[in-house]
Undergrad: 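Take this structure first; my questions come after.
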Amino acid sequence: MQEKSIPAQEVLKELKTKLEKDLSFNSGKIIGSMCTNPHPIAKKAFCLYIDKNLGDPGLFPATAEMEREVIKALGALLSNPNAVGHIVTGGTEANILALWAARNLSRQEEGKKEVILPVSAHYSFEKAADLLGLKLVKVGLNKNFQINLEEVRKVISSKTLAIVGVAGTTDLGVVDPIPELSEIAEKNDIYLHVDAAFGGFVLPFLKELGYNVPEFDFKLSGVSSITIDPHKMGLAPIPAGGILFRSNELRNAISMRVSYLAGGEMEQATLTGTRSGASLIAVWAVMRCLGWEGYRKVVSHCMFLTEKLVNAIGEVNGVEVVVPPIMNVIGLKSEVFDIKKIAKELRLRGWAVSLFPSHIRIVIMPHVKEEHVESFIKDLKDIVRKMSG
Ligand SMILES: Cc1ncc(COP(=O)(O)O)c(C=O)c1O
């Protein structure tokens, strides 16, 4: 930091220049991210209430009350209005909290350290396992890229602490067979966490739109907790992840008493102490503003463009989708071309696509417009044509 103060106007000018290299969602070029431009009401609410601290509910009882309202609404979205939980920093924290609760609940039972999950699970579970001293038992996938249930049954043992199923995998948006996992979990008395960080704000609306959507939420009695992230398809500003537990008893497993805060003694069940009330208020505002109707429209439009892109890929020789998409996540692979080279060429043309070991991931988020999809297809066709000859 320099010694002398600098006028705010000058600092703002500096910021503008310094941040020029960042991509913007409005450009439509970010076509491989699970984040998006927040809804205008969410931006507004975030800025208006930037000073709120959910970590000190004695000072901000109204904000704390709004968190309970948001959790209730998310619970209703996931078939359990009595669910409890928190708006946290993101899917990573939510997944860590879930496994933390599972570990604490089974503390009495020596040697329970293994977490069974698909190889497609998000890397946040690696962080959780490292922090919590757990061992991940990774299970392969079936031909639909879902967790292989036979393998799950084989690796269950007295050491199994939890099972994780994913409703909207990071790489392909695939939904694991959660009803079967729920049955297995109940039969063996094992904690089941569902990572619906992405799918949580998509699947309930897809169902309403008439898509054939598998059960994945608290309707299934074996499901103990669910991650659902407002800062992905919920159109909320970062940071806003969500963790929901079926009941308070599960959440209590990670709750701690804090004695010194101004509102008196309170309890806390998040990783962070001081945490953004603005994030939560922004989530409340965007959910209130959009309602089921608004989110249905958002999801419907994303799926319309997803289907448009999938149909167009059908006309690109040598490139195909990995699996027909269930939601607005598309994997592109090639038996003919080096997919890494295609990704490189796309990036050279400004397309921010994600690259997985054997495919390119496209995510049609709400900021992606029809003209962006058309321009992407044009570029992809051109790249493939040049690579062919
Ligand atoms: C399925 C899934 N779970 C968890 C996460 C982690 O979320 P975050 O980046 O908000 O921590 C992601 C991120 O993309 C994800 O796709």
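What you see below is based on every heavy atom in this structure, not just the backbone, and it leaves out hydrogens, waters and symmetry mates. Each ligand, and each atom within it, is numbered from 1 in the order the structure gives.
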Undergrad: Does even one non-hydrogen atom of G168 get within less than 4.0 Å of ligand 1?
TA: yes

Undergrad: Can you name the closest pair of heavy atoms from V223 and F216 and give their distance?
TA: CG2-O, 4.4 Å

Undergrad: Heavy-atom contacts with A197 under 4.0 Å: which atoms of ligand 1 show up? List them by number with element.
TA: 2 (C), 3 (N), 4 (C)

Undergrad: Between T306 and N328, does any side-chain donor sit less than 3.5 Å from a side-chain acceptor?
TA: no

Undergrad: Can you tell me if CD on E208 sees more than 12 non-hydrogen neighbours from other groups inside 6.0 Å?
TA: yes

Undergrad: Starting from atom 3 (N) of ligand 1, find the nearest protein heavy-atom neighbour and note its residue, name and distance.
TA: D195 OD2, 2.6 Å

Undergrad: Taking 4.0 angstrom as the limit and counting only heavy atoms of M34, give me the atoms of ligand 1 inside it, by number and element.
TA: 14 (O), 16 (O)

Undergrad: Note the single closest protein heavy atom to atom 6 (C) of ligand 1, along with its residue, its atom name and the distance in Å.
TA: H122 CE1, 3.2 Å

Undergrad: Using a 4.0 Å heavy-atom cut-off, which part of T89 comes near ligand 1: side chain, backbone, both, or neither?
TA: neither

Undergrad: Does CD in E249 sit with more than 12 non-hydrogen atoms of other residues, nucleotides or ligands closer than 6.0 Å?
TA: no

Undergrad: Identify, by atom number and element, the atoms of ligand 1 in contact range of N95, meaning under 4.0 Å from any of its heavy atoms.
TA: 3 (N), 4 (C)

Undergrad: Fit a plane to each ring of Y295 and F205, take the angle between them on a 0 to 90° scale, and name the class: parallel (under 30°), tilted (30 to 60°) or perpendicular (over 60°).
TA: parallel

Undergrad: Can you tell me which residue and heavy atom of the protein come closest to atom 15 (C) of ligand 1, and the distance to 0.1 Å?
TA: T170 OG1, 3.4 Å

Undergrad: Using distance alone, with no hydrogens and no angle criterion, decide if S224 and H193 have a side-chain donor and acceptor under 3.5 Å apart.
TA: no

Undergrad: For atom 10 (O) of ligand 1, grab the closest protein heavy atom and report residue, atom and distance to one decimal in Å.
TA: H231 NE2, 2.8 Å

Undergrad: Whether the N26 and N37 side chains hold a donor-acceptor pair (N or O, under 3.5 Å, no angle test) is what I'd like checked.
TA: yes

Undergrad: Taking only heavy atoms of D229, which atoms of ligand 1 are found under 4.0 Å from at least one of them?
TA: 7 (O), 10 (O)

Undergrad: Does this structure show an ion pair linking E151 with K138, if we count only N-O contacts that are shorter than 4.0 Å?
TA: no

Undergrad: Can you pull out the closest protein heavy atom to atom 7 (O) of ligand 1? Residue, atom name and distance to 0.1 Å, please.
TA: K232 NZ, 2.9 Å

Undergrad: Starting from atom 11 (O) of ligand 1, which protein heavy atom do you reach first, and at what distance in Å?
TA: T92 OG1, 2.5 Å

Undergrad: Just which atoms of ligand 1 are under 4.0 Å from any heavy atom in G90?
TA: 10 (O), 11 (O)

Undergrad: Examine the side chains of D171 and H359 and answer whether a donor and an acceptor come within less than 3.5 Å of each other.
TA: no

